[in-house]
Amino acid sequence: FLGDAGSMCDAGVLLMNGFKGCSPNRKKALELFLCAADKGHLNSMHNAGVLLNEGFEGCPSDKKKALGLFLCAADKGPLDSMYNAGVLLM
């Protein structure tokens, strides 16, 4: 994807949760989060980590990849990412 990482994250949040009668599309949300994460977007790293940690239909849980994303985000400060990384490391 080309474009603004923040906008990708915003679209990913809408797709992750569903909106205005539309069902969630977590697979597409994860794709957007990972693309924005590659651009250094911290919230996208965190959100991708959440989806990968939990897993969803069509995407099994990948705690190792989730941990990597949480640690990368936590290195730059988001407390939720630090917490989630700590939980996975226990």
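In this text, all values refer to a predicted model and were calculated from it rather than measured experimentally.
The closest donor-acceptor contact from the side chain of K39 to the backbone of G3 lies under 3.5 Å. Of the possible polar contacts, none joining the S61 side chain to the E54 backbone as a donor-acceptor pair under 3.5 Å is found.
Residue pairs meeting the ring pair (Phe, Tyr, Trp, His ring centres under 6.0 Å) criterion with at least one member in residues 23-60, sequence neighbours excluded: H46-F70.
Taken together through direct or relayed side-chain contacts under 4.5 Å among Ile, Leu, Val, Met, Phe, Trp and Tyr, M16 and L30 form part of one hydrophobic cluster. Residues M8 and L34 are members of separate hydrophobic clusters, defined by side-chain heavy-atom contacts under 4.5 angstrom among Ile, Leu, Val, Met, Phe, Trp and Tyr. Cluster annotation: L89 and V50 are assigned to the same hydrophobic cluster (Ile/Leu/Val/Met/Phe/Trp/Tyr, side-chain heavy-atom contacts under 4.5 Å, transitive).
Contact check for N84 versus N53: no side-chain heavy atoms found under the 4.5 Å cut-off. Looking at C9 and N47, their side chains come closer than 4.5 Å, going by heavy atoms from C-beta outward.
The distance from the CG atom of L67 to the OG atom of S81 is 11.0 Å, given to the nearest 0.5 Å. The CG atom of D4 sits 8.0 Å away from atom CG of D10, with the distance rounded to the nearest 0.5 Å. Summarising the geometry, atom OG belonging to S44 is positioned 8.5 Å from atom CG belonging to L32; distances are rounded to the nearest 0.5 Å. Between the SG atom in C59 and the CZ atom in R26 there is a gap of 11.5 Å [rounded to 0.5 Å].
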Please report, to 0.1 Å, the donor-acceptor pairs under 3.5 Å made by any side chain of residues 17-25, with sequence neighbours excluded.
unit_1, atom_1, unit_2, atom_2, d
N17, ND2, V13, O, 3.2
N25, OD1, K28, N, 3.0

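Residues that satisfy the side-chain contact (heavy atoms from CB on, under 4.5 Å) test with D62, not counting sequence neighbours, are L52, K64, K65.
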